[in-house]
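First up is the structure itself, then whatever we jot down about it.
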2 protein chains.
Amino acid sequence: MTKLSELRTAGDIRAEDLADDGIRAEQIRTALAHAVALRVLAYRVEHGLSQTALARQLGMQQPAVARLEAGDHEPTFSTLERLARGLGIEFHIDITPATSGLRDTA
Amino acid sequence: MTKLSELRTAGDIRAEDLADDGIRAEQIRTALAHAVALRVLAYRVEHGLSQTALARQLGMQQPAVARLEAGDHEPTFSTLERLARGLGIEFHIDITPATSGLRDTA
DNA sequence: GAGAATAATAACATACTTGTTATCGCAGAT
DNA sequence: ATCTGCGATAACAAGTATGTTATTATTCTC
């Protein structure tokens, strides 16, 4: 399993950091899946919910939550949006051109 | 078609802004697809590339580029990552708890 | 007008994520 | 030991994005 202390501090993913050098796309996908998994698991533990309870809150079944927490699949944007609504999680997708200078939003 | 002047200024998407009130998940998906479409089209026009040439640069076929620029499908993270590498586009996926400073609201 | 290049679309196969049900192992409580 | 809740996994159906080829309309050039 994963330590809870690390779950609290898990913040965000930046695709550029992950995709930077020699990392494979496979690892990118697992990295995103892992980050989402940590968020879901953290929320669930923090709120003292069972997978079944959280599943009901998200409008899905317990195995779906288990699969999310497993972090083996790359979640869809639809899934992310679903989590954002159900868990109060915010996710930002910033698409900026690399050549026209860095955005001030970052 | 789309005006080029707007393409330059198209910056980023924030899922929270889009998903905020009564917008459907369907529109979220199209919004992301549209943003990616604008980025791809902007890059292609700025560099004076044909869809075929850009497709070769990205390692795919011309209809795939056309489909991306059409913006009807929600791109996968794998596709985004592919674009990021091929076009030099940066995309950040930030997953943060809802109230960035405060803990567990909902 | 003929020809070439470009962009859009159709059509199909493939891969992957998700939805769902059933099941299994495990720990706690009675 | 039994029962109950929890979490993980298997297995299958369904939806969707992608890979790919072929085709069509359009525009530009000669």
Side-chain angles (χ1 to χ4, degrees), chain A residues 1-4 7 24-38 40-87 91 93, chain B residues 1-2 4 7 24-87 91 93:
Chain A
M1 281 301 185
T2 326
K3 297 201 203 74
L4 256 195
L7 297 184
R24 307 289 171 281
E26 278 291 331
Q27 291 174 316
I28 292 277
R29 294 168 51 175
T30 60
L32 174 65
H34 278 20
V36 172
L38 288 180
V40 173
L41 180 58
Y43 177 93
R44 191 168 67 81
V45 174
E46 287 175 1
H47 293 258
L49 297 174
S50 64
Q51 285 184 349
T52 307
L54 181 58
R56 183 165 44 244
Q57 176 174 333
L58 290 172
M60 50 204 228
Q61 265 72 18
Q62 174 262 329
V65 175
R67 200 155 43 182
L68 279 177
E69 291 185 0
D72 46 354
H73 292 328
E74 171 188 15
T76 310
F77 282 104
S78 305
T79 301
L80 281 188
E81 198 268 345
R82 196 171 185 173
L83 294 178
R85 298 196 181 215
L87 307 185
F91 62 96
I93 305 161
Chain B
M1 279 301 185
T2 326
L4 258 193
L7 296 182
R24 307 289 170 281
E26 278 291 332
Q27 291 174 314
I28 292 277
R29 293 168 52 176
T30 61
L32 174 66
H34 279 20
V36 173
L38 288 181
R39 276 271 150 263
V40 173
L41 180 57
Y43 178 92
R44 191 168 66 81
V45 174
E46 286 174 1
H47 290 70
L49 296 174
S50 64
Q51 285 185 350
T52 307
L54 182 58
R56 183 165 44 243
Q57 177 174 333
L58 290 172
M60 50 204 228
Q61 266 72 18
Q62 174 263 329
V65 175
R67 198 155 45 184
L68 278 177
E69 292 185 0
D72 45 354
H73 292 327
E74 172 188 16
T76 310
F77 281 105
S78 306
T79 301
L80 281 188
E81 199 268 344
R82 198 170 184 175
L83 293 178
R85 299 196 180 214
L87 308 185
F91 63 97
I93 303 162

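Everything numeric in this text was worked out from a predicted model, so none of it was measured. Just so it is clear: chains get the letters A, B, ... in the order the sequence lines come, proteins before strands, and each one is counted from 1.
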Could you work out which one of D:dA22, D:dT9, D:dT18 sits closest to the side chain of A:Pro63? D:dT9
Point-to-point distance, once rounded to the nearest 0.5 Å, from CE of B:Met60 to CG of B:Leu83: 6.0 Å
From C:dT18, D:dG7, D:dA8, nucleotide with atom closest to A:Glu69 side chain: D:dA8
Under the rule for salt bridge (Lys or Arg N to Asp or Glu O under 4.0 Å), what residues qualify as partners of B:Arg44, not counting sequence neighbours? B:Glu69
For B:Gln57, what residues pass the side-chain hydrogen bond (donor to acceptor under 3.5 Å, both in side chains) criterion, not counting sequence neighbours? B:Tyr43
Does D:dT16 have OP1 or OP2 under 4.0 Å away from a side-chain N or O of A:Thr76? no
Position toward the 5' end of DNA chain C (nearest nucleotide), A:Leu68 or B:Ala66: B:Ala66
Length of the CZ-C1' vector between B:Arg82 and D:dT18, whole Å: 9 Å
Closest contact, heavy atoms only, A:Ala33 versus A:Pro75: CA-CD, 4.0 Å
Expressed as a whole number of angstroms, how long is the span from B:Glu74:CD to C:dA15:C1'? 16 Å
Is it the case that the base of D:dG19 and the side chain of B:Arg67 share a donor-acceptor contact (distance under 3.5 Å, atom types as modelled)? yes
Euclidean distance, B:Leu68 CG relative to B:Thr79 OG1, rounded to 0.5 Å: 6.5 Å
Nucleotide N/O of nucleotides 27-30 of chain D paired with protein N/O under 3.5 Å:
none

In whole angstroms, the gap separating C1' of C:dA8 from CG of B:Leu41 amounts to 13 Å
Between A:Ser78 and C:dT18, does any side-chain N or O lie under 4.0 Å from OP1 or OP2? no
A:Ser50 side chain to A:Ala53 backbone, donor-acceptor under 3.5 Å: yes
Should B:Arg44 be listed as having a side-chain N or O under 4.0 Å from OP1 or OP2 of C:dA7? yes
Roughly how many Å is it from CG in B:Leu80 to P in C:dT17, rounded to a whole number? 14 Å
To the nearest 0.5 Å, atom CG of B:Leu41 lies from atom NE2 of B:His34 at 12.5 Å
Taken in chain and number order and not counting sequence neighbours, the residues that satisfy side chain to side chain contact (heavy atoms under 4.5 Å, CB included) with B:Arg67 are B:Asp72, B:His73
Where the side chain of B:Ser50 is concerned, which of D:dC6, C:dA7, C:dT17 is the nearest nucleotide? C:dA7
Using Watson-Crick and G-U wobble pairs with both distances under 3.5 Å, what is the 5'-to-3' dot-bracket string of DNA chain D, with [ ] for crossing pairs and | for pairs outside the strand? ||||||||||||||||||||||||||||||
Looking at C:dT18, I'd like to know if its phosphate oxygens (OP1 or OP2) sit under 4.0 Å from a side-chain N or O belonging to A:Thr79. yes
When you measure from the side chain of A:His73, which nucleotide among D:dG19, D:dG7, C:dT18 comes out closest? C:dT18
CG of A:Leu87 to CZ of A:Arg82, rounded to nearest 0.5 Å, is 11.0 Å
By a strict heavy-atom criterion of less than 4.0 Å, which residues belonging to residues 53-62 of chain B are in contact with DNA chain D? B:Gln61
Provide, to the nearest angstrom, the distance between the CZ atom belonging to B:Phe77 and the P atom belonging to C:dT18. 10 Å
